[in-house]
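Take a look at the structure below.
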Amino acid sequence: MRIASFRVGGAEERYGVVVGDGVVDAFRRLGDTLPSVHSVLREGALDRLADLAGARADFALQEVELLRPVTWPEKIVCIGVNYLRRNDEYRDGSEPPRYPSVFMRAPDSLVGHGAALLRPPESEQLDYEGEIAIVIGTGGRRIPEERAAGHIAAITCMNEGSVRDWLRHAKFNVTQGKNFAASGALGPWLLTADEVADFAALTVTTRVNGETRQHDTTANLAFPFRRLVSYLSTFFVLKPGDVIATGTPLGAGARFDPPQFLRAGDVVEVEVPGVGVLRNSVVDEAA
């Protein structure tokens, strides 16, 4: 099942089940008790949405504005250098990491499918990072790895965009370069976990202006999804709707010679089979 958050004509936020080229408006049917995707996850009510999968679409996808699938998650946790070949990309001779590299993003650093990515006036180094993000359904603390898959409600696509020179403003963190407003994207919608046959057999592909820049499989993750959920829940209280970005493959623009950073007019696509394509254009943000 595919679940989207959206607006129609600039009105209030809604959500629904994507069916073909349209969306069934769950907000109209369930909004009194379940007003958002976040509330559906919090109440463990995905089965109520599944009942709508056979209904006739209320809106065509082309007439809605897609938002972040979970519009205001409490936590967006990001994992760095998680594909094994990406560690080799750094050419520093380091061993594969023993533990995940973890940093955080604010929700409004990400836009939905079809919205513009903003290249800030402070930098010419806006970069793309195609990723698979997982969304927590059942929260918990100190979740055993063997039970972690049961806590994943869905997956989606992410462009975990970075402003590269701002990543190096401080010695011990990358927060600045990861949180410019509208520098990345999430969507286009959620694909529920019951539709995913094997978390270790997913692929993610990133294209810029139709050119493939990144492609890899989750079989090559240093820290698979279950391990991430277990590790993060050691110190976090994971909650329904929390988003975990699981890392980007090699091939980001910074690693080309010369670097190939994003410019106004570029179009970035992140594709995960089964989920779909997250597509965003780039514009220059006004100073």
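Quick caveat, the model's predicted, so the values are computed rather than measured.
Using a 4.5 Å heavy-atom threshold, the side chains of Ile143 and Thr138 count as separate. Put simply, the side chain of Arg48 does not reach to within 4.5 Å of the side chain of Glu43, judged on heavy atoms. Residues Pro107 and Thr71 form no side-chain contact, since every pair of their non-hydrogen atoms from C-beta on lies 4.5 Å or further apart. Inter-residue side-chain proximity for Asp25 and Phe59 is flagged as met; some heavy-atom pair is nearer than 4.5 Å. Contact annotation: the side chain of Ile134 approaches that of Val229 to within less than 4.5 Å [non-hydrogen atoms, C-beta and beyond]. Looking only at side-chain heavy atoms (C-beta outward), Phe225 and Ile132 come within less than 4.5 Å of each other. A 4.5 Å side-chain heavy-atom check between Ile155 and Phe199 finds at least one atom pair inside the cut-off. Proximity of Asp242 to Val77: side-chain heavy atoms (C-beta onward) are nowhere separated by under 4.5 Å.
Closest approach of Ala153 to Gly137, counting heavy atoms only: CB-CA, 3.4 Å. Closest approach of Arg164 and Ala254 over heavy atoms only: NE-CB, 3.7 Å. For the residue pair Val204 and Pro249, the shortest heavy atom distance occurs at CG1-CG, 3.7 Å.
Judged by a 6.0 Å distance limit and a 45° cone about the ring axis, Arg119 is not positioned over the six-membered ring of Phe261.
Follow the hydrophobic side-chain contacts under 4.5 Å out from Ile136 and you reach Met104 in the same cluster. A continuous path of ILVMFWY side-chain contacts below 4.5 Å connects Leu238 to Tyr231, so both sit in one hydrophobic cluster. With hydrophobic clusters built from ILVMFWY side chains whose heavy atoms lie under 4.5 angstrom apart, Leu66 shares a cluster with Val8. The hydrophobic cluster containing Leu262 does not contain Val277, counting ILVMFWY residues as joined when their side-chain heavy atoms lie under 4.5 angstrom apart, directly or transitively. Hydrophobic cluster membership is shared by Leu191 and Leu61, with clusters built from Ile, Leu, Val, Met, Phe, Trp and Tyr side chains linked at under 4.5 angstrom.
Listed for the Asn82 side chain is no donor-acceptor partner under 3.5 Å among the backbone atoms of Leu221. Put simply, the side chain of Asn179 gets close to the backbone of Ala106: a donor and an acceptor are under 3.5 Å apart. Side chain of Asn280 to backbone of Ala115: a donor-acceptor contact under 3.5 angstrom is found. Between the side chain of Thr248 and the backbone N or O of Gly130, at least one donor-acceptor pair lies under 3.5 Å. Distance alone, capped at 3.5 Å, is enough to place a donor-acceptor pair between the Tyr128 side chain and the Gly253 backbone. At least one donor-acceptor pair closer than 3.5 Å links the side chain of Glu63 to the backbone N or O of Ala60. A side-chain donor-acceptor contact under 3.5 Å links Ser39 to the backbone of Ser36. No donor-acceptor distance shorter than 3.5 angstrom exists from the side chain of Ser5 to the backbone of Leu67, with no hydrogens or angles considered. Side chain of Asn220 to backbone of Tyr83: no donor-acceptor contact under 3.5 angstrom is found. Formation of a donor-acceptor pair under 3.5 Å by the Arg279 side chain with backbone atoms of Glu271 is not found in this model.
Comment: Asp58 engages Arg29 in a salt bridge, judged by a side-chain N to carboxylate O separation of less than 4.0 angstrom.
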Please report the C-alpha distance between Thr246 and Thr218 in whole Å, then the side-chain angles of each, then the deciding distance to 0.1 Å, and finally whether the side chain to side chain contact (heavy atoms under 4.5 Å, CB included) criterion is met.
-> CA-CA 9 Å; Thr246 60; Thr218 51; 5.6 Å; no
Between Arg105 and Glu160, does a side chain to side chain contact (heavy atoms under 4.5 Å, CB included) hold up when you go through it step by step?
-> CA-CA 9 Å; Arg105 288 192 77 121; Glu160 208 271 293; 2.5 Å; yes
Val282 and Arg263: CA distance, side-chain angles, deciding distance, side chain to side chain contact (heavy atoms under 4.5 Å, CB included) verdict = CA-CA 7 Å; Val282 180; Arg263 296 289 182 260; over 6 Å; no
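Atom-to-atom distance recorded for Asp194:CG and Ile152:CD1 is 12.5 Å, nearest 0.5 angstrom. Residue Ile244 holds its CD1 atom at 5.0 Å from CG of Leu232, rounded to the nearest 0.5 Å. Once rounded to the nearest 0.5 Å, the distance linking CD of Gln125 with CG of Leu167 reads 9.0 Å.
Under a 4.5 Å side-chain heavy-atom cut-off, the cluster of Ile, Leu, Val, Met, Phe, Trp and Tyr residues that includes Val40 is completed by Met1, Ile3, Tyr15, Val17, Val19, Val24, Phe27, Leu30, Leu34, Val37, Leu41, Leu46, Leu49, Leu52, Val70, Ile76, Leu110, Val135, Met158, Leu186, Leu190, Val243.
Side-chain polar atoms of Ser162 and Glu129 form a donor-acceptor pair below 3.5 angstrom. A donor-acceptor contact closer than 3.5 angstrom links the side chains of Thr205 and His215. Side chains of Thr206 and Gln214: a donor on one and an acceptor on the other come within 3.5 Å.
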